[in-house]
Amino acid sequence: MPFSFDVHEPAVYREPAPIDHDDPFQSMMERFDVAAEILELNPGFYEYLCRPSRIHITSVPVEMDSGRVKVFEGYRVIHNNVLGPSKGGIRYAPDVTLNEVKALAGWMTWKCALVDVPFGGAKGGIVCDPSEMSPKELERLTRRYTADLFDVFGPDKDIPAPDMNTNEQIMAWVLDTYSMHARRTENAVVTGKPVGLGGSRGRREATGRGVMTVTMAAMERLGLAPSDCTVAVQGFGNVGSTAAELLAAQGCTVVAVSDVTGGYYNEAGLDIKEMQTYVEQNGGTLDGYENAQPITNEELLTLDADVLVPAAKEDQIDREIAEETGARIIVEGANGPTLPEADEVLQDKGVLVIPDILANAGGVTVSYFEWVQDRQGFFWTEERVNRRLDRMMRDAFDKAYKTADEHDVSLRIGAYVMGIRKVAEALRMRGIYA
Ligand code: NAD
């Protein structure tokens, strides 16, 4: 279909295709399509915005400690950079796929637009099992991947950050490798790095803090007091453990949390600080934690807790879980935890779902603060970071809520409408360079 600026041209979107529910990219596109129709997005913009602008695939050879060379597949997908340099984490996982990285990159585009930070969306991934690799092997993998993508990354081009199974140390190796090739120290090339290398105070807790802020905003809307609310959190990593800690600090009773080793339940409330210490001293998991009753992952998702925070991975809440869950508010700390088939069920039940692109946007918001601080060489206090983060998250929540109300759609679709509208407007102003 030829490109056109005519917004009144009838929208003809994707040919109906069989939906693969295990494909996060399709999950993203199903919601994108609904928002695009509401916006009457012209078909040319639609075609442009639903595709990644660039996909990089690299074979990353690594000399393992045994002396054998192993080759890993690495991805970096730039979904869009109309609003600014692209931004997004790097994920290390044995089951990471290109389609997953494409979906995650697209979510980053809408997320950045929604919270009003001047970035486009990107994501990276390497197919590897970090639990089977030594620190030296992980370092060689990270450095070679960064060197391979030296022309892609850059403080004005594409800025990585941590995601699942990547952390501050890995970001420090990205910074160092990039800087050695650039022949100057470029700390703004990556966010989520250690504070001693130009990282921002408050970045490590930012995603979980944002989850807490929007949960409080949702409770206010529903007239619920935190002290009357119980909470269940799936995933006890960076996002889940911080969200659990901060929600408990607000007066909520966190009755269940889980990680890869299973779920842990206590009707009277779990001691989150004690569990965090346990994880630190127990090789990163809750395995063997005794001050709670063991439950399964499914039991956690279908508890009668008022608030459910999925903060582990994609595709956790399907139609059945949606039918059974007792939650009144679902706050998507993870990216893509709810399948499209569950959306309608949850909406019919009156469950308020705070979608991923809003709920977990605290991470990229403080990454933006980090990038600004690096570029200015002027660093903020944690109090200033948190105050600005809370304000931006509240503002995004209120605007998405209002947009959803205006169009009589779910908060998820309201958030997509806001994000896509902002990118489409910027695209219209910039025009298409021929
Ligand atoms: P992480 O690696 O620190 O923690 C992941 C947690 O999930 C671990 O506790 C792990 O044991 C648990 N887990 C994995 N599989 C599970 C399963 N099947 N059942 C229960 N628990 C399981 O990762 P993270 O940084 O906390 O990221 C979690 C999610 O949040 C991901 O979807 C990520 O994309 C998203 N996210 C993270 C950030 C960030 O700043 N870290 C920002 C935005 C979104």
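All ligand and atom numbering here is 1-based and tracks the order in the structure.
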* **The single option from Trp110, Phe25, Tyr416 passing ring-ring contact (aromatic ring centres under 6.0 Å, His included) against Phe32** => Trp110
* If you count the atoms of ligand 1 from 1 in the order shown, which ones are under 4.0 Å from a heavy atom of Arg203? -> 40 (O)
* To do: Please write down residue, atom name and distance for the protein heavy atom closest to atom 6 (C) of ligand 1.
  => Gly237 N, 3.7 Å
* **ligand 1 contact on Thr207 by region, counting heavy-atom pairs under 4.0 Å** => side chain
* Check the angle between the aromatic planes of Tyr289 and Tyr264 and answer parallel, tilted or perpendicular using the 30° and 60° thresholds. => perpendicular
* Any idea which part of Asp259 is under 4.0 Å from ligand 1, heavy-atom wise: side chain, backbone, both or neither? -> both
* **Crowding at NZ, Lys402 (>12 non-hydrogen neighbours, <6.0 Å)** => no
* ligand 1 and Asp163, any nitrogen or oxygen pair closer than 3.5 angstrom? -> yes
* Asked: Closer than 4.0 angstrom: is that true for some heavy atom of Pro162 and an atom of ligand 1?
  -> no
* Asked: Looking only at heavy atoms, is any part of Pro337 under 4.0 Å from ligand 1, and if so is it the side chain, the backbone, or both, or is it neither?
  -> neither
* To do: Could you tell me which non-hydrogen atom of Glu332 sits nearest to which non-hydrogen atom of Pro337, and how far apart they are?
  => CG-CG, 3.6 Å
* Option of least heavy-atom distance to atom 24 (P) of ligand 1 (set: Asn360, Val239, Val364) -> Val239
* Report yes or no: does a heavy atom of Arg91 sit under 4.0 Å from some atom of ligand 1? => yes
* Asked: In a check of side chain to side chain contact (heavy atoms under 4.5 Å, CB included) between Tyr92 and each of Asn167, Leu141, Val127, Asp163, which one passes?
  -> Leu141
* Asked: Given Thr296, Ile357, Val260, Leu301, which one has a non-hydrogen atom that is nearest to atom 10 (C) of ligand 1?
  -> Val260
* To do: In sequence, state the C-alpha distance, the side-chain angles, and the governing distance for Thr109 and Asn80, and then conclude on side-chain hydrogen bond (donor to acceptor under 3.5 Å, both in side chains).
  => CA-CA 6 Å; Thr109 301; Asn80 192 280; 5.4 Å; no
* Under 3.5 Å: N/O of Asn335 near N/O of ligand 1 -> yes
